[in-house]
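What follows is a single structure, written as structure tokens, with notes after it.
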Amino acid sequence: MTRPLIDLQTTPHGGRSLFAIQPIARGTNIFACEVPFAHVIYKDYRREVCAQCFAYAASTSRSIGDPRTWSIRSCMRATAETVWFCTDECKVTWESGVIGPLIADVNALLSKAKIATRSQSARDDYDPILPNIPTAQITQDYIDKAWADVENFVCSRNRLSSYCSTMNLEEMELEISRSVASAIVQRYVFDHRLTNLTASSVISSSDLWAEVLNLQSSELSNVSLRPYILKAHLRVYAFLCNSLPTHLKSYVFMARIILARDTGNAFGIWDGDSKDEMLGWGLWAGASYFNHSCCPNVEKTRCGRAMHFTTSRSVETGEELCISYIDTNQTITERRQDLENSWFFKCRCQRCLLEEASLQ
């Protein structure tokens, strides 16, 4: 039996991270997450991004004469959203699975439901699902009450239907809804044993949902920095309660859990190494156990749907395995600002501490 290279451990500063449990050579593949638990490709890129492997038709790695969109599409069901593929092999792989076609069915329903939210009505800034208390100092109690109120609000089917008919769902709110719905479909498939979902091998759970629950929530930090995001999340929840098919509505409670963990744990789905275009985002739960360092010892690479992690230098036993969340070519001030805005922490990695000391 091959001895494992890494282990998930509790860190001295709290939380959990991945550590080397034996010396690891540079260029060693140490970890892989095969599929995202939740994901969405932005509307503007869906014709250009393969639904199976996320290959980008307009990538700079392709020849100048190559088509900028994919021409192979799925025609499984008239009720499903049209999706596009880079090759017939990707199409066959996607159509022979369970999750992809189910997500396409749900996405078609959500797109249709969004159109139904465009009815006009006399409106002011009042929104019945938002808390009617000041937002000057947002606390966890404030957020909890907002969610409790919207959960009570959606209990009335007539009230919910009336609200959604005039909510005029924004495009980004639909993208968020699609991401949450993809996670709901995966959970439904797992619960009903419709297919096998493989969790990260280094994590002791065999359940991807259990991995998600173990991720750190950034709900309070996110809403405190961006109060408007609470409104968007509550509206997404109400929209999903009204729009999801009956067999998935019992899973809508997952929305808050996913949304609380999405910011700070999700990865962008990019067009390639150049990262010129962000095509969408995904939540690879196990991959989120890699902490950040401005002098990382691990590089991440997306290969199709899978996220692979490879050591960028030799690593000693007991050393924490870290990736970079940001562009490390920036100054310490710029790096810390990016991290505080998107991941809600002040970086105190070895590089930042040395640079900080040199500025004093």
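Numbering starts at 1 and runs along the sequence shown.
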Quiz item: Does the pair K145 and D141 meet the rule for a salt bridge (Lys or Arg N to Asp or Glu O under 4.0 Å), with working shown?
Solution: CA-CA 6 Å; K145 183 179 187 306; D141 286 342; over 6 Å; no
Self-check item: R256 side-chain N/O to W147 backbone N/O, donor-acceptor pair under 3.5 Å
Solution: no
Quiz item: Taking side chain as C-beta onward, heavy atoms only, is R305 less than 4.5 Å from Q52?
Solution: yes
Practice problem: Please step through side-chain hydrogen bond (donor to acceptor under 3.5 Å, both in side chains) for the pair D338 and Q330, ending with a clear verdict. | Solution: CA-CA 10 Å; D338 279 358; Q330 301 178 100; 3.0 Å; yes
Quiz prompt | Y188/H192 aromatic ring centres below 6.0 Å | solution = yes
Using distance only, find each side-chain donor-acceptor pair of residues 241-251 under 3.5 Å and give its atom names and separation, not counting sequence neighbours.
| residue | atom | partner | partner atom | Å |
| --- | --- | --- | --- | --- |
| S243 | OG | F239 | O | 2.8 |
| K249 | NZ | C241 | O | 3.4 |
| Y251 | OH | D191 | OD2 | 2.9 |

Quiz prompt | Distance-minimising heavy-atom pair for M254 and A183 | solution = CE-O, 3.6 Å
Quiz item: Are any of the side-chain heavy atoms of S293 and S324 separated by less than 4.5 Å?
Solution: no
Self-check item: Check: S179 side chain, A38 main-chain N or O, donor-acceptor pair, under 3.5 Å
Solution: no
Exercise. Determine, using the 4.5 Å side-chain heavy-atom cutoff (strictly less than), whether L230 and I257 are members of one ILVMFWY cluster.
Key: yes
Practice problem: Using ring pair (Phe, Tyr, Trp, His ring centres under 6.0 Å) as the criterion, list what pairs up with W343, not counting sequence neighbours. | Solution: Y325
Quiz item: What is the minimum heavy-atom distance between I129 and A238, and which atoms define it?
Solution: CD1-CB, 4.5 Å
Quiz prompt | Check: L5 and I21 side chains under 4.5 Å, non-hydrogen atoms | solution = no
Practice problem: Please check if the side chain of T117 supplies one atom and the backbone of M167 the other of a donor-acceptor pair under 3.5 Å. | Solution: no
Please tabulate, one pair per line, all N/O donor-acceptor pairs under 3.5 Å involving side-chain atoms of residues 24-32, not counting sequence neighbours.
| residue | atom | partner | partner atom | Å |
| --- | --- | --- | --- | --- |
| R26 | NE | S312 | O | 3.3 |
| T28 | OG1 | A25 | O | 2.7 |
| N29 | OD1 | T310 | OG1 | 2.7 |

Quiz item: Does the ring of F54 carry R302 above it, NZ/CZ under 6.0 angstrom from centre and within 45° of its axis?
Solution: no
Quiz item: Say you draw a straight line from OG of S217 to CG of L259; how long is it, rounded to the nearest 0.5 Å?
Solution: 10.0 Å
Quiz item: Is V298 linked to F19 within one hydrophobic cluster, defined over Ile, Leu, Val, Met, Phe, Trp and Tyr using a side-chain heavy-atom separation of less than 4.5 Å?
Solution: no
Practice problem: Would you give the length of the straight line joining atom SG of C294 to atom CD of E355, rounded to the nearest 0.5 angstrom? | Solution: 7.5 Å
Self-check item: Full working for side-chain hydrogen bond (donor to acceptor under 3.5 Å, both in side chains) between S74 and E95
Solution: CA-CA 8 Å; S74 174; E95 290 184 342; 3.0 Å; yes
Quiz item: At their closest point, which heavy atom of I103 faces which heavy atom of S182, and how far apart are they?
Solution: CD1-CB, 3.8 Å
Quiz item: Any chain of hydrophobic side-chain contacts (each under 4.5 Å) joining M172 to L234?
Solution: yes
Quiz item: Where is the tightest heavy-atom contact between Q22 and P4, given as atom of each residue plus distance?
Solution: NE2-O, 3.1 Å
Quiz item: Is the gap between the ring centers of Y56 and W270 under 6.0 Å?
Solution: no
Exercise. Determine whether V83 and L109 fall in the same hydrophobic cluster, where Ile, Leu, Val, Met, Phe, Trp and Tyr are linked whenever their side-chain heavy atoms lie under 4.5 Å apart.
Key: no
Quiz item: Any donor and acceptor pair, going by atom type alone, linking the side chain of W94 with main-chain N or O of W84 inside 3.5 Å?
Solution: no
Quiz item: Does D7 pair with R16 as a salt bridge, N-O distance under 4.0 Å?
Solution: no
Quiz prompt | Residue pair K346 / E340, side-chain heavy-atom distance below 4.5 Å | solution = yes
Quiz item: Could you give the distance from CG (L18) to CG (L321), rounded to the nearest 0.5 Å?
Solution: 6.5 Å
Practice problem: Indicate yes or no: at least one non-hydrogen side-chain atom of R187 is less than 4.5 angstrom from one of F190. | Solution: yes
Quiz item: Any donor and acceptor pair, going by atom type alone, linking the side chain of Q186 with main-chain N or O of F37 inside 3.5 Å?
Solution: yes
Practice problem: Verify side-chain hydrogen bond (donor to acceptor under 3.5 Å, both in side chains) between E151 and Y237, making sure each step is shown before the conclusion. | Solution: CA-CA 9 Å; E151 288 166 1; Y237 175 79; 4.7 Å; no
Quiz item: Between E81 and R178, is there a side-chain N and carboxylate O pair less than 4.0 Å apart?
Solution: yes
Practice problem: Considering only NZ, NE, NH1 and NH2 on the basic side and carboxylate oxygens on the acidic side, decide whether K114 and E170 come within less than 4.0 Å. | Solution: no
Quiz item: When hydrophobic residues are tied together by side-chain contacts of less than 4.5 Å, even through go-betweens, does L359 share a cluster with L354?
Solution: no
Quiz item: Is the backbone of E316 close enough, under 3.5 Å, to the side chain of E319 for a donor and an acceptor to pair up by distance?
Solution: yes
Practice problem: Determine the minimum heavy-atom distance between C322 and N297, stating which atoms define it. | Solution: N-OD1, 2.8 Å
Practice problem: Give, for atom CG of D271 and atom CD of E48, the distance between the pair rounded to the nearest 0.5 Å. | Solution: 10.5 Å
Quiz item: Would V154 and V252 satisfy side-chain contact (heavy atoms from CB on, under 4.5 Å), going step by step from the backbone distance to the final call?
Solution: CA-CA 11 Å; V154 302; V252 76; over 6 Å; no
Quiz item: With distance as the sole test, does R46 use its side chain to make a donor-acceptor pair with the main-chain N or O of I41 at under 3.5 Å?
Solution: yes
Exercise. Just say parallel, tilted or perpendicular for the rings of F267 and W284, cut-offs at 30° and 60°.
Key: perpendicular
Quiz item: Any sub-3.5 Å donor-acceptor pair from N265's side-chain atoms to R261's backbone N or O?
Solution: yes
Quiz item: Considering residues at least two apart in sequence or located in another chain, which fulfil the salt bridge (charged side-chain N to carboxylate O under 4.0 Å, His left out) criterion with R336?
Solution: E356
Quiz item: So, E175 side chain and K43 main chain: donor-acceptor pair closer than 3.5 Å or not?
Solution: yes
Quiz item: Short question: side chain of T93, backbone of E89 - any donor-acceptor pair under 3.5 Å?
Solution: yes
Quiz prompt | Side chains of Y289 and I6 in contact at under 4.5 Å (non-hydrogen atoms) | solution = no
Quiz prompt | L353: hydrophobic cluster co-members (side-chain, 4.5 Å) | solution = none
Practice problem: Take R235 and D127 through the side-chain contact (heavy atoms from CB on, under 4.5 Å) test and state the conclusion after the steps. | Solution: CA-CA 10 Å; R235 282 164 53 84; D127 192 318; 4.0 Å; yes
Quiz item: Looking only at heavy atoms, which two atoms of S288 and L283 are closest? And how far apart?
Solution: OG-CD1, 4.4 Å
Quiz item: Given side chains that start at C-beta, do those of T87 and C90 come closer than 4.5 Å, heavy atoms only?
Solution: yes
Practice problem: Not counting sequence neighbours, list each pair that qualifies as a side-chain hydrogen bond (donor to acceptor under 3.5 Å, both in side chains) and has a residue in residues 97-111. | Solution: R77-D105
Exercise. Report yes or no: is the cationic atom of R159 (NZ for Lys, CZ for Arg) under 6.0 Å from the centre of the six-membered ring of Y163, at an angle within 45° of the ring normal?
Key: no
Exercise. Please test S17 against E320 for side-chain hydrogen bond (donor to acceptor under 3.5 Å, both in side chains), starting from the C-alpha separation and ending with a verdict.
Key: CA-CA 7 Å; S17 185; E320 185 175 7; 2.7 Å; yes
Self-check item: Exceeds 12 heavy-atom contacts within 6.0 angstrom, atom CZ of R73
Solution: no
Practice problem: Using a 4.5 Å cut-off on heavy atoms from C-beta on, say whether the side chain of H233 contacts that of E173. | Solution: no
